[in-house]
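Before any comments, here is the structure.
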Amino acid sequence: MEENKPRKRDRIKAGFSKLLKEDKLKAVSEYIENPGEFIALLKGFWYSDSEKQKQFDEFSENTISNFHIPYGISPNVLINGKIYMVPMVIEESSVVAAASAAAKFWGDRGGFHAEVVDVQKVGQLHFCYKGDKQTLQSLMPEIETELRASTKDMTVKMEKRGGGILDIKLIDFTDRLPDYYQLRVTFNTCDSMGANFINSCLETFGHTLQDYFLRKGETVEIVMAILSNYTPDCRVKVWVECPVYDLDGVDEHLDGKAFAEKFKKAVDIAHIDEYRATTHNKGIYNGIDAVVIATGNDFRATEAAGHSYAARNGHYESLTSCEINDDMFKFTLEVPMALGTIGGLTSLHPLAKESLELLGHPSAPELMTIAATMGLANNYAAVKSLTTKGIQQGHMKMHLANILNQLGATDQQKSAALVYFKDKTVTYAGVEEFLRHNNE
Ligand code: MEV
C-alpha cells in the first residue's frame, strides 16, 4: 500500500561515509525536490583547484561542498599603542560595522588597553580508586614523578619553547561520587592551543597511573582523560577609559556624563539579570568569535570557557563591567580564552594563515588581546546603541540592503530605496512593493 512505502526521508543510507564524494552528493540530492539544481549549486561552491578543494574536504568528514561566510576587516584598531587591521569572519550584518565604529571612536581616545592575566590551560584525568584516600594522597609525590617521566618525550619540545606541565593536583570528589578522584593538570602550551599535546599527556598519565597501582597489586579505573575547555587562568583583560566629558556628543540628548551613567546602568543590569546577560554576552562573542574563526581557532571552546566564567559567582552575569570614578569612565572585559597561533587549522586553512599575517604574526597571548578587544568593541557599540537611538535603526539599514540583494535590485533601485525607507519601517513586502513601482 502507498502509505506503507518508506518515504525517501525514512530510508537509512548505510555506508554513506564510504561513498565517493560525487556519490554522496547524488545520494543526498534524492532528498531534494530538484536534484539536478541542488548538485549544480553545491558543486558551484567547490574550488576549481582540486588540490585546494581536497584540503577543505579533509578538514571534516562526509564533505559535499563549502559553506561561505563573509570575511571582513575592522580597520585601524589601536591596542596597546599598536594598530591592527583585524579580520572578522561573521555572517551577521552590522557586527563589523559596529566594531569598526567603536574602534575608531576609542582610537581617538587612547585606544584599547589590554593585558594577559595568565596563560594556564587545564586537563583532567578522571579516575576511581577504592583504596585508602590518605595513602593515595601520600603517594602523590611518587606518582607525580612517574607521570612526568612517562611524558618526557612529549614535554621536552614544549619545555624548550618555555611551556610544559606546570602542576598536577589530586582532587578528591569521593563525597560527591563514590571513589571518584581527578588529577587536575595545568599546562603552558605556548603559542599552540595545545589540545593534542594536553590530551596525549593525559592519556599517557592514565596508562602510567594504572601501571603504578598494578605494580602495587591494586587497580584504578581510568574513566576518561581530556582537556578542560574551562580555562579561568588563561585569561585576558581589555579596557577603554576616558573622562566622561569626552563622551559628549555620543548622544544628541545626553551629555557625556549622563550617557556614561546610562551606559553603566545597562551594564549593571547585565550583572543582575541572566536574561539580559545572555544577550549582552552574545554581543561580546559577536566580536570575539569573528576573530577566533578568522584565525582558525575553535569558537565553541572559546565560548564555552567564557560562559562558564560568566557563571563563576554562582549566577550567570555580564563579562564586561563599567565604572565611573571621579568622572572617569572605564569599561572592561575580562574573559578566559585558549587560542593558538601555531598548529591546527591556523596553518592549514589558507585564510587563517593570511589572517595571522595580517595581524603581524601575533603570539597566542597577543591574539587573545585582539579577539577580546573586538568583543569589547562590539559590546560597547551594542550597549551604546541600545541606550541611545536603539538597535533597529542601524539593523534595518542592513536588513534593507539584504532584502534588496535578495530581490535582485539594481544599484539605482538600491539608492532610491535607501532614500525612500529612511523614515519608514522596512519589511520584505514593503520592499517588494517599492521595487514594483520603481522597476524602470
Ligand atoms: C545582536 O547580535 C547582539 C545584541 O543583541 C547584543 C546586545 O543586545 O547587547 C545587539
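The figures that follow rest on heavy atoms only: side chains count, while hydrogens, waters and symmetry mates do not. Read the numbers this way: they start at 1 and go in the same order the structure lists the ligands and their atoms.
With distances taken over non-hydrogen atoms, the option nearest atom 9 (O) of ligand 1 out of Lys282, Lys384, Arg276 is Arg276.
In this structure, a donor-acceptor pair under 3.5 Å is present between the side chains of His280 and Thr320.
In terms of protein heavy-atom proximity, atom 3 (C) of ligand 1 is nearest to Asn286 ND2, 3.6 Å. In terms of protein heavy-atom proximity, atom 1 (C) of ligand 1 is nearest to Glu92 OE2, 3.5 Å. The protein heavy-atom contact nearest to atom 5 (O) of ligand 1 is Thr279 CG2, 3.5 Å.
Remark: side-chain polar atoms of His399 are not paired, donor with acceptor, to backbone N or O of Tyr428 under 3.5 angstrom.
Listed by first and then second residue, the salt bridge (Lys or Arg N to Asp or Glu O under 4.0 Å) pairs involving residues 364-388 are Lys82-Glu366 (not counting sequence neighbours).
Near Ile391, with a cut-off below 4.0 Å to any heavy atom, the atoms of ligand 1 are 10 (C). Atoms of ligand 1 found under 4.0 Å from any heavy atom of Leu386, numbered from 1 in the order shown, are 7 (C), 8 (O), 9 (O).
Two residues are said to be in side-chain contact when any heavy atoms from C-beta on lie closer than 4.5 Å; Phe197 and Thr155 meet this criterion.
In summary, the aromatic rings of His126 and Phe173 are positioned with their centroids too far apart to meet the 6.0 Å limit. Taking the six-membered ring for Trp, Phe259 and His253 have ring centres at least 6.0 Å apart.
Residue contacts with ligand 1, taken as heavy atom pairs separated by less than 4.0 Å, do not involve Val95 at all.
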